[in-house]
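The block underneath contains the structure these notes are about, expressed in structure tokens.
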There are 2 protein chains.
Amino acid sequence: MEPDRTALHQCDAAVSLAFSILGKRWNGMIIDTLGNGPLAFSALRRAVGGISDAVLSDRLSELAEAAIVAREVAPGPPVSVTYSLTDAGARLRPLLTQLGEWATQNLDSAPH
Amino acid sequence: MEPDRTALHQCDAAVSLAFSILGKRWNGMIIDTLGNGPLAFSALRRAVGGISDAVLSDRLSELAEAAIVAREVAPGPPVSVTYSLTDAGARLRPLLTQLGEWATQNLDSAPH
DNA sequence: CAAAGCCGCTCTGAAAAACAGAGCGATCCC
DNA sequence: GGGATCGCTCTGTTTTTCAGAGCGGCTTTG
């Protein structure tokens, strides 16, 4: 059977692609936090607030693979790991700022 | 015990608020799809693609409660339900477009 | 020197979310 | 009547997220 041609419109593939990353919990907040400057793993965990080690580790792997954040290991001792935004990640910053403005203007900050 | 004052930076509360909605699977795509015009429940399900009835129903309730989408029941028979963006939702459209552009320019469209 | 703490993770097991699919009353088409 | 569409809801399974413990390597404290 052919694909349904009766649908009047479809979700835009580009937006869908964007939300394959941003539509996961924490990713937006991680990127936003790193927008203020590079951070180590545990500093990032504290800055984001409420995320667990396991999930943060997982998200950072994904974001690194998508080339949105960079993982840099400063050889030690002591070895320290620093996460920062790549250029691609940095290009997201103004959009996140706009999203923040939209949220404060259009969303009730005290959700049910 | 006092809150930790040693953190150099924190995630912006406004961005965090935005992602309490957009950081959930499907929400971005639902809003984007409705941006092209109002749709009935089943047309929306087809347009978004891959979402189940139960989850769509759930997301629409949340988005309606957040006053991002409006649910309008046209009295029948046949009763038909139409979902559309509110003004707040519509104000998100240009941002979603920008996110789409960012994604096409900075993300590999063939994920892992 | 030993105990204690931070670092960046990984592992475990349990709770929450998303999923596919069936079902349902109503209405419409042949 | 038989079949399909509509807007859901319910059931049970899979996936995701979670808190918390653990770990090796290092530093700081006493």
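Heavy atoms only: backbone and side chains are in, while hydrogens, waters and symmetry mates are out. Because the structure is a prediction, the values reported are computed rather than measured. Letters go in sequence order (proteins before strands), and every chain restarts at 1.
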- [ ] Tell me, with the steps shown, if A/L63 and A/I30 meet side chain to side chain contact (heavy atoms under 4.5 Å, CB included).
- [x] CA-CA 9 Å; A/L63 292 173; A/I30 290 170; 3.9 Å; yes
- [ ] List the steps, then state whether side chain to side chain contact (heavy atoms under 4.5 Å, CB included) holds for B/V55 with B/W26.
- [x] CA-CA 9 Å; B/V55 176; B/W26 302 115; 3.7 Å; yes
Under 4.0 Å: is that the gap between some side-chain N or O of [X] and OP1 or OP2 of [N]?
| X | N | value |
| --- | --- | --- |
| A/W26 | D/dC18 | yes |
| B/S52 | C/dA18 | no |
| B/R59 | C/dA18 | yes |

What is the separation between atom [atom1] on [X] and atom [atom2] on [N], rounded to the nearest whole Å?
| X | N | atom1 | atom2 | result |
| --- | --- | --- | --- | --- |
| B/L39 | D/dC6 | CG | C1' | 14 Å |
| B/R25 | D/dT16 | CZ | P | 8 Å |
| A/L56 | D/dT17 | CG | P | 13 Å |
| A/I51 | D/dT16 | CD1 | C1' | 13 Å |
| B/L44 | D/dG7 | CG | P | 10 Å |
| B/K24 | C/dA17 | NZ | P | 7 Å |

Task: Listed partners of B/R91 passing side chain to side chain donor-acceptor pair (under 3.5 Å), at least two apart - done: A/N106
Open item on the list: Once side chain to side chain donor-acceptor pair (under 3.5 Å) is applied, do any residues pair with B/D53, and if so which ones, sequence neighbours excluded?
Closed with: B/R45
Short heteroatom pairs, N/O only, protein and nucleotides 5-8 of chain C, under 3.5 Å:
from  : atom 1 : to    : atom 2 : distance (Å)
C/dC7 : OP2    : A/S42 : OG     : 3.4
C/dG8 : OP1    : A/V81 : O      : 3.3
C/dG8 : OP2    : A/S42 : N      : 2.8
C/dG8 : OP2    : A/S42 : OG     : 2.8

Task: Distance in Å, A/L44 CG paired with A/L56 CG, rounded so as to fall on 0.5 Å steps - done: 5.0 Å
Open item on the list: Strictly distance-based, threshold 3.5 Å: is any side-chain N or O of A/T33 a donor or acceptor partner for the main-chain N or O of A/A47?
Closed with: no
Open item on the list: I want to verify a distance call: between D/dC10, D/dT17, C/dA18, whose nearest atom is closest to the B/V55 side chain?
Closed with: C/dA18
